[in-house]
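These notes are about the structure you will find just below.
Order of listing sets the numbers, starting from 1, for every ligand and every atom in it. Residue numbers run from 1 in the order of the sequence given. None of these values were measured; they are calculated from a predicted model.
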Amino acid sequence: MSFTVAVDGPAGAGKSTIAKAVAKRLGMIYVDTGSMYRAMALFMVRKGVDLQDTESIAENCEDVDITIRYEDGVQVVYLNGENVNALLRTEAVGNAASAVSAVGAVRKKLVWLQQKLASESDCIMDGRDIGTCVLPNADRKIYLTASSDVRAKRRYEELTAKGETCDLAKIKADIEERDYRDMHREISPLKKAEDAILLDSSDLTIEEVIDAMIRICSDKDGAPKA
Ligand code: DC
């Protein structure tokens, strides 16, 4: 049976950076479920589907085939056969993903794919509903969070480093709006699983969070050792 770690938390808490590093150190695969919702959103945006129209999203989602492959240890997302990795990380696709992810038919399709991946390999999977819904029996559950001020500042620095002009207050407002949507939707809202360990990264460096997570993953018999 595979060893699974569920990492949930709000946008910008550092889940993907941390989970990717921990997976590498522990020799597990990293499954980024947000990118699956982003690929679904990209399909809807390209097709001009109204993102307020849940019925239309549900209907169109039947035409979407999302496949995950690991190439040189990196997760590659194929949308109807096209490698879309480079197109998924924009703010526009992230916001569209938040809307698309509230639709039951979308979640049903992607949760099935996520559970299949987890049954095949030892993995660290990050998202919003991994500990509560996708892998309720995960071997370890972590809820990684940080204040919205800290998350907005990190995002601002990331974008500025890429040479993009951006506004800190707007980024913070977007983050808080996305948190609200993700936490208040009807299906699988973002929330800490009762048995998840809370890890607040607001005052920690990336290395400190990675170490904390590795300790959590390795503290019982049968867990992978770094
Ligand atoms: O983690 P991310 O920013 O790449 O996720 C994009 C959106 O997808 C996010 O707003 C919420 C949604 N999502 C979800 O509902 N469930 C998941 N397991 C992962 C992401």
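- Here the straight-line distance linking atom CD of Q115 with atom CG of L110 works out to 11.5 Å at 0.5 Å rounding.
- Remark: distances from the non-hydrogen atoms of R89 to ligand 1 include one below 4.0 Å.
- Regarding atom 9 (C) of ligand 1, its nearest protein heavy-atom neighbour is R128 NH2, 3.4 Å.
- Using a 4.0 Å heavy-atom cutoff, R107 is listed among the residues neighbouring ligand 1.
- In terms of N/O distances under 3.5 Å, ligand 1 is not approached by D32.
- Using a distance-only test at 3.5 Å, with no hydrogens or angles considered, a donor-acceptor pair links the side chain of K15 to the main chain of G9.
- Side-chain atoms of N85 come within 3.5 Å of backbone N or O of V77 as a donor-acceptor pair.
- Here M125 has no heavy atoms under 4.0 Å from ligand 1, in either its backbone or its side chain.
- Atom 7 (C) of ligand 1 has A97 CB, 3.7 Å as its closest protein atom, hydrogens excluded (heavy atom only).
- Ligand 1 places these atoms under 4.0 Å from at least one heavy atom of D182: 9 (C), 10 (O), 11 (C).
- Side-chain contact between N60 and V64: absent, with no pair of heavy atoms (C-beta onward) separated by less than 4.5 Å.
- Of the residues listed (K141, K192, R107), the one engaging D129 in a salt bridge (charged side-chain N to carboxylate O under 4.0 Å, His left out) is R107, and it is the only one.
- Counting only heavy atoms of the protein, atom 12 (C) of ligand 1 lies nearest to S101 OG, 3.5 Å.
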Quiz item: Could you walk me through whether K170 and D174 pass the salt bridge (Lys or Arg N to Asp or Glu O under 4.0 Å) check?
Solution: CA-CA 6 Å; K170 162 96 174 59; D174 277 354; 2.9 Å; yes
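- Contacts between A11 and ligand 1, counted as non-hydrogen atom pairs separated by less than 4.0 Å, are absent for every part of the residue.
- The shortest N or O to N or O distance between Y37 and ligand 1 is not under 3.5 Å.
- Taking every heavy atom of R38 and a limit of under 4.0 angstrom, the matching atoms of ligand 1 come to 2 (P), 3 (O), 4 (O), 6 (C).
- Atom NZ of K191 sits about 11.0 Å away from atom CG of D8, to the nearest 0.5 Å.
- At least one N or O atom of T33, backbone or side chain, sits closer than 3.5 Å to an N or O atom of ligand 1.
- Between M44 and L51 the shortest side-chain heavy-atom distance falls below 4.5 Å.
- Ligand 1 is never approached by M36 to a heavy-atom distance shorter than 4.0 Å.
- Below 4.0 Å from some heavy atom of G127 lie the following atoms of ligand 1, by number and element: 17 (C), 18 (N), 19 (C).
- Counting heavy atoms of neighbouring residues, nucleotides and ligands inside a 6.0 Å radius, atom CD of E71 exceeds 12 of them.
- Any N or O atom pair closer than 3.5 Å counts here, and D126 shares no such pair with ligand 1.
- Atoms OH and OG1, on Y30 and T17 in that order, are 8.0 Å from each other to the nearest 0.5 Å.
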